[in-house]
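Values in this document were obtained by computation on a predicted structure and should not be read as measured data. No hydrogens, no waters, no symmetry mates; every other heavy atom, side chains included, goes into these values. Starting from 1, each residue takes its place in the sequence as its number.
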Amino acid sequence: MSNRAQCREASHAGSWYTASGSQLSAQLDGWLSQAQTSKRPARAIIAPHAGYTYCGSCAAHAYKQVDPSVTRRVFILGPSHHVALSRCALSTVDIYRTPLYDLHIDQKVYGELWKTGMFERMSLQTDEDEHSIEMHLPYIAKTMESHKDDVTIVPVLVGALSESKEQEFGKLFSKYLADPTNLFVISSDFCHWGQRFRYTYYDESQGEIYRSIENLDKMGMSIIEQLDPTYFSNYLKKYHNTICGRHPIGVLLSAATELQKNGVNMSFSFLNYAQSSQCRSWQDSSVSYAAGALVVH
């Protein structure tokens, strides 16, 4: 492994978010200052991965629940947008660059995961093309700023897993979720609505299209809050809601279920919901964003 590339560049900086460290830092501080602390310390969060102009303020509601004095290791589970993947994949690098500071991959945990035989390696190209993990890195760096020398990250690219694979990965990650020094970041947007997304579900009893989308998303969000993976997969089968991080969410729900079986008491709450725009006609399109946190009692 010694010949591997050392760094993953912040390939979406300058387009999806500002490449200026000082500007980015001020932006993130601004969004975080608007959010309330209500579910701290979070053991896991669900937060969006779109450009910051669209979802930066929504994501802050999840990141505000992270306690940097507790968290030492951040697992980031992001869906694969560009490559077909039936399992999960690990990075080949040591360092993920951000405009704030470099984040180091936890090679000890990576070694443990690799030894299970359940993972493949993603190429550097795949790693840098993918935005679902990168869009969380500035927020992680900002939130963990006061302990930046103590924090490591565990990026995991999640493929189109079957329900049984979601369970297997959930079981594997449950022992890490049980550790209070670990934080799981589950990367997902919610409904992608419109003809360009080939998804135009509309319940006219809700009134305007955007209200129907909100109702559909909030139904899914309240199901996620039940922490029941079967309930969530039944919802997806019924409505086909275009939640791009459904597999990372499924893995989290399976991991939580595993811990609950062992008597661990926890709760999940969504704290914010937003849409990129309000759809009123069939020509419109929008993406929804939700931020939530899991707390272990």
Side-chain angles (χ1 to χ4, degrees), residues 1-14 16-22 24-25 28-29 32 41-45 47 49 52 59 62-63 65-78 80 88-116 118-158 169 172-173 175-187 248 251:
M1 293 300 292
S2 58
N3 62 349
R4 66 175 174 227
Q6 291 302 297
C7 292
R8 179 201 183 280
E9 294 303 328
S11 46
H12 294 74
W16 291 55
Y17 57 97
T18 178
S20 150
S22 55
L24 182 58
S25 188
L28 296 171
D29 279 331
L32 287 163
R43 188 72 59 89
I45 60 173
H49 54 236
Y52 282 0
Y63 279 99
Q65 315 314 319
V66 177
D67 185 344
S69 70
V70 174
T71 301
R72 286 295 162 270
R73 190 184 289 113
V74 183
F75 289 73
I76 310 139
L77 274 54
S80 174
C88 291
L90 304 176
S91 178
T92 55
V93 304
D94 287 316
I95 288 167
Y96 272 24
R97 291 248 151 96
T98 85
L100 303 179
Y101 57 88
D102 290 351
L103 291 164
H104 294 258
I105 290 182
D106 194 309
Q107 295 300 339
K108 178 180 171 287
V109 172
Y110 249 28
E112 293 165 7
L113 297 178
W114 185 248
K115 273 209 298 255
T116 64
M118 291 166 69
F119 294 83
E120 46 199 89
R121 294 275 177 198
M122 55 175 134
S123 67
L124 182 62
Q125 177 80 55
T126 296
D127 207 344
E128 290 187 344
D129 284 350
E130 183 54 65
H131 62 275
S132 75
I133 294 173
E134 180 182 342
M135 295 309 294
H136 290 281
L137 304 176
Y139 256 119
I140 291 166
K142 168 48 73 180
T143 311
M144 296 305 300
E145 213 165 26
S146 58
H147 290 77
K148 64 178 174 197
D149 297 329
D150 308 322
V151 70
T152 56
I153 59 168
V154 182
V156 178
L157 189 62
V158 178
F169 280 105
L172 172 65
F173 285 122
K175 70 167 198 267
Y176 297 102
L177 186 63
D179 180 345
T181 65
N182 289 335
L183 167 74
F184 276 74
V185 172
I186 306 299
S187 176
V251 171

Correct closest heavy-atom pair for V156 and I133 would be O-CD1, 3.7 Å
Here the pair of heavy atoms bringing Q107 nearest to V93 is NE2-O, 3.4 Å
Here the gap from I95 atom CD1 to D102 atom CG, rounded to the nearest 0.5 Å, amounts to 5.0 Å
Rounded to the nearest 0.5 Å, the NE2 atom of H49 sits from the CD atom of E130 at a distance of 7.5 Å
Any side-chain to backbone donor/acceptor pair from R72 onto T152? Under 3.5 Å, distance only. no
Separation between CD1 (I140) and CG (L100), nearest 0.5 Å, reads 11.5 Å
Review point. When the ring centroid of Y52 is compared with that of Y139, is the distance short of 6.0 Å?
Key: yes
Side chain proximity check, V185 to I45, heavy atoms < 4.5 angstrom: yes
On a heavy-atom basis, the closest approach of T143 and P68 is O-CB, 3.4 Å
OH of Y110 to CZ of R121, rounded to nearest 0.5 Å, is 7.0 Å
Side chain to side chain donor-acceptor pair (under 3.5 Å) test vs S11 passes for just one of E128, E134, H131, namely E134
When rounded to the nearest 0.5 Å, the distance separating CG of L177 from CG of L172 is 11.5 Å
Practice problem: Using atom types as modelled and distance alone, determine if a side-chain donor or acceptor of S132 lies under 3.5 Å from a backbone N or O of S187. | Solution: no
*Any chance you could lay out the salt bridge (charged side-chain N to carboxylate O under 4.0 Å, His left out) test for K148 and E145, step after step, and finish with the verdict?*
CA-CA 5 Å; K148 64 178 174 197; E145 213 165 26; over 6 Å; no
* To do: Starting from the C-alpha separation in whole Å, work towards a yes-or-no answer on side chain to side chain contact (heavy atoms under 4.5 Å, CB included) for S69 and H147.
  => CA-CA 7 Å; S69 70; H147 290 77; 4.2 Å; yes
Any side-chain heavy atom of Y176 within less than 4.5 Å of one from L113?
yes
Here the pair of heavy atoms bringing T98 nearest to A141 is OG1-CB, 4.1 Å
Notebook entry, point to check: Are K115 and E112 ion-paired here, with the side-chain N under 4.0 Å from a carboxylate O?
Noted result: no
All heavy atoms of R73 vs all of D106, minimum pair found to be NE-OD2, 2.8 Å
Parallel, tilted or perpendicular: which one describes the rings of F184 and F75, with boundaries at 30° and 60°?
parallel
Query - Parallel, tilted or perpendicular: rings of W16 and H12 (30°, 60°) - result: perpendicular
Nearest heavy-atom contact between P99 and S20 is CB-C, 4.5 Å
Here the gap from R43 atom CZ to D179 atom CG, rounded to the nearest 0.5 Å, amounts to 7.0 Å
